[in-house]
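These notes concern the structure reproduced below.
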Amino acid sequence: MIEIIIAIVAAFAGIGGTIVYEKQRQATGKAKADKEVANAKTKAGDIILKAKDEIVEMENERRKEWKRVETRLVERETSLDKKLDDLDKRSEKLRAQERDVESLKNEIRDIRTKQQDKLEKIAKLSKKEAADKLLEMTERDIKQDMVGLVNKLQNDAKEDAEEIAQTILVTAMERMSSEVTAERTVTAIKLVDEEMKGRIIGKEGRNIQSLQRATGVDILVDDTPGMIVLSSFDPVRRQIARMSLELLMKDGRIHPGRIEEVVAKAEVEINKEVNRAGEDAARELGIVGIPKEILRLLGELKYRTSYGQNVLMHSVEMAHMAGLIAEEIGADVRVTKTATLLHDIGKAVTHKMEGKHHHIAGELARKYGMTEDVAHAIEAHHDDVEATTPEALIVRICDGLSTTRPGARNISSENFAERMRDLENIALGFNGIDKAYAISAGREVRVIVSPKAIDDLSAIKLARDIAVKIESTMQYPGTIKVNVIRETRAIEFAK
């Protein structure tokens, strides 16, 4: 029991000692903390005082700087005011001087006018008269010298121009060469055998007559052994007839209905060749933008001749030379080549339109939207229209170069073709005519009439009227046969 009491007392004693120790320790820590807080407050106060001192010092420095800036601004303003005052004074002084100068000018004008009046009274000449007199004297003194100088310059220019022109033309001619072939008025086709000749002639000549009516070409089967000769001054017709005969001989079926069908097919093929020829010519020369209608007329020149010279070949040859010359002298190459290529397209329609071929060609170019430079150059390639542009002169020069070479043209052939055209045109001038063909080298004109417009009696009278007009308007050797053909056909289809 005593031990338990002692233990309890000892425990309480321990607890009390612990409590006393803890209180003493807390008292000591609080004092230490209070001391540290006091020290921190002292340091913070020192820092705040120091910062306040620095702020005051910076504020003082800023005020001093503002004061200096303000002083400089005041000084600058004062300087500017002084300069403005000086400028005002100088401007006023200049205005005064200008007034003085203007006054002096007026005085000088007055003095000059008075002196001029005195001189005119003394010389008895006005100012204009005196100037004219002086110019007249000067002109009289130097006129002879000027005439000599002008003559010298003209002679030098002519010599140089001739030399330069010769060089350019020779260069173009050297760089351009082409074959020259005289076109004929006949085409020969080789026969496969003698039996084919009989089939072409047909029973009582029906086949060959049908061929001649459809093509307008004179077909000779007995003149040359083993050959059929197609005779016509129009090369387009000869080409259609040649192609038709070749197709008929290849097919073997030859009768009037088949002949008309084959001739129509040949005409379509020739039209395609015409279009292709025009496009190929433009492509060869590098010319674009030519209307299709013009290209077709150009292609028709493939089958046209001028004094025996193929017109399309002649035009392409000219265009090559024209391009070279235009490039040398600084002319418009495109206009020159285009006009040269198209200069003879009027020859493709001379049998349809009245007038000279170069006038027709110029009008066609304008009609289908070509520029005036091109149209003028086309129209002026002959002497009756004055060439006013370098391009037109080049076209004229190249036409001469291409046509005057030895062998380039066959005049008699062209005269013959013109006579054939005149013969056909006379027949076509009457009413009721469908077609007219000059055949047998101009010894016969075959006229096909409309059966509705011309009856049998009228056909006889028409033949006589045509013969009389040929006699009165044409000159020709021998006689010309006028053959008027009137044919009535009734066609129906069984369905």
Taking side chain as C-beta onward, heavy atoms only, is [X] less than 4.5 Å from [Y]?
{"X": "M318", "Y": "H381", "value": "no"}
{"X": "M249", "Y": "I200", "value": "yes"}
{"X": "I394", "Y": "I329", "value": "yes"}
{"X": "T215", "Y": "L230", "value": "no"}
{"X": "E391", "Y": "V395", "value": "no"}
{"X": "R464", "Y": "V468", "value": "yes"}
{"X": "V274", "Y": "Y303", "value": "yes"}
{"X": "D332", "Y": "D373", "value": "no"}

Look up atom [atom1] in [X] and atom [atom2] in [Y], then write down how far apart they are to the nearest 0.5 Å.
{"X": "M196", "Y": "L245", "atom1": "CE", "atom2": "CG", "answer": "10.0 Å"}
{"X": "L428", "Y": "D434", "atom1": "CG", "atom2": "CG", "answer": "10.0 Å"}
{"X": "S315", "Y": "L301", "atom1": "OG", "atom2": "CG", "answer": "5.5 Å"}
{"X": "L364", "Y": "I345", "atom1": "CG", "atom2": "CD1", "answer": "5.0 Å"}

Polar side-chain atom of [X] near backbone of [Y] as donor-acceptor pair, under 3.5 Å:
{"X": "R396", "Y": "A380", "result": "yes"}
{"X": "D344", "Y": "K347", "result": "no"}
{"X": "E444", "Y": "N483", "result": "no"}
{"X": "Q212", "Y": "I219", "result": "yes"}
{"X": "R486", "Y": "A459", "result": "no"}

Can you name the nearest heavy-atom pair linking [X] to [Y], along with the distance?
{"X": "L312", "Y": "A277", "result": "CD2-CB, 4.1 Å"}
{"X": "A438", "Y": "M420", "result": "CB-O, 3.9 Å"}
{"X": "S244", "Y": "V262", "result": "O-CG1, 3.5 Å"}
{"X": "Y437", "Y": "R213", "result": "CE1-O, 3.5 Å"}
{"X": "A339", "Y": "V374", "result": "CB-O, 3.8 Å"}
{"X": "G346", "Y": "I360", "result": "CA-CG2, 4.1 Å"}

Partner residues of A427 under the side-chain contact (heavy atoms from CB on, under 4.5 Å) criterion, sequence neighbours left out: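 For A427 the side-chain contact (heavy atoms from CB on, under 4.5 Å) partners, ignoring immediate neighbours, are A436, V445, V447, I466.
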Distance-only donor-acceptor pairs under 3.5 Å for side chains of residues 252-261, two or more places apart:
residue, atom, partner, partner atom, Å
R253, NE, D251, OD2, 2.8
R253, NH2, D251, OD2, 3.4
H255, ND1, G257, N, 3.4
H255, ND1, R258, N, 3.1
R258, NE, D251, OD2, 3.4
R258, NH1, E261, OE2, 3.1
R258, NH2, D251, OD2, 3.4
E260, OE1, R489, NH1, 3.3
E260, OE2, R489, NH1, 2.4
E260, OE2, R489, NH2, 2.7

From CA spacing to verdict: side-chain contact (heavy atoms from CB on, under 4.5 Å), L248, L211: CA-CA 11 Å; L248 287 168; L211 267 170; 4.1 Å; yes
List the residues meeting ring pair (Phe, Tyr, Trp, His ring centres under 6.0 Å) with H359, not counting sequence neighbours, and say none if there are none.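 Partners of H359 under the ring pair (Phe, Tyr, Trp, His ring centres under 6.0 Å) test: none.
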Verdict with supporting geometry, Q239 and K302, side-chain contact (heavy atoms from CB on, under 4.5 Å): CA-CA 11 Å; Q239 188 71 5; K302 177 181 179 180; over 6 Å; no
Which atom pairs, one a donor and one an acceptor, fall under 3.5 Å between side chains of residues 102-109 and the rest of the protein, sequence neighbours left out?
residue, atom, partner, partner atom, Å
N106, OD1, R109, NH1, 2.9
N106, ND2, E102, O, 3.2

Under a 3.5 Å threshold, yes or no: a donor from one side chain and an acceptor from the other, between D110 and T113?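 Absent: no donor and acceptor within the cut-off.
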Please check if the number of heavy atoms outside E269 that lie under 6.0 Å from its CD is greater than 12.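 Enclosed.
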Whether over 12 other heavy atoms sit under 6.0 Å from E386 CD: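 Count not over threshold, so no.
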Residues E246, R242: salt bridge by 4.0 Å N-O rule: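 Looking at R242 together with E246, the answer is yes, because their closest N to O distance falls below 4.0 Å.
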Would you call R276-E279 a salt bridge at under 4.0 Å N-O?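 Result for this pair is no, no salt bridge flagged.
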Step-by-step side-chain contact (heavy atoms from CB on, under 4.5 Å) determination, K435 to R446: CA-CA 8 Å; K435 296 178 182 178; R446 186 165 294 169; over 6 Å; no
Taking only residues at least two apart or on different chains, which pairs with a member in residues 202-211 satisfy salt bridge (Lys or Arg N to Asp or Glu O under 4.0 Å)?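 Applying salt bridge (Lys or Arg N to Asp or Glu O under 4.0 Å) to every pair that reaches into residues 202-211, excluding sequence neighbours, yields nothing.
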Stepwise salt bridge (charged side-chain N to carboxylate O under 4.0 Å, His left out) check, E98 with R95: CA-CA 5 Å; E98 287 177 357; R95 282 194 289 271; over 6 Å; no
Should I433 and L462 be marked as a side-chain contact (heavy atoms from CB on, under 4.5 Å) after you check the CA-CA gap, both sets of side-chain angles, and the distance that decides it? CA-CA 10 Å; I433 308 296; L462 178 63; 3.4 Å; yes
In a table with atom names and distances, give each donor-acceptor pair under 3.5 Å that connects a side chain of residues 283-298 to protein atoms at least two apart or in another chain.
residue, atom, partner, partner atom, Å
R283, NH1, D280, OD1, 2.7
E284, OE2, H320, NE2, 3.0
R296, NH1, N275, OD1, 3.3
R296, NH2, N271, OD1, 2.8

Apply the test ring-ring contact (aromatic ring centres under 6.0 Å, His included) to residues H343 and H382: give CA-CA distance (whole Å), side-chain angles for both, the deciding distance (0.1 Å), then the verdict. CA-CA 10 Å; H343 77 288; H382 284 306; 8.0 Å; no
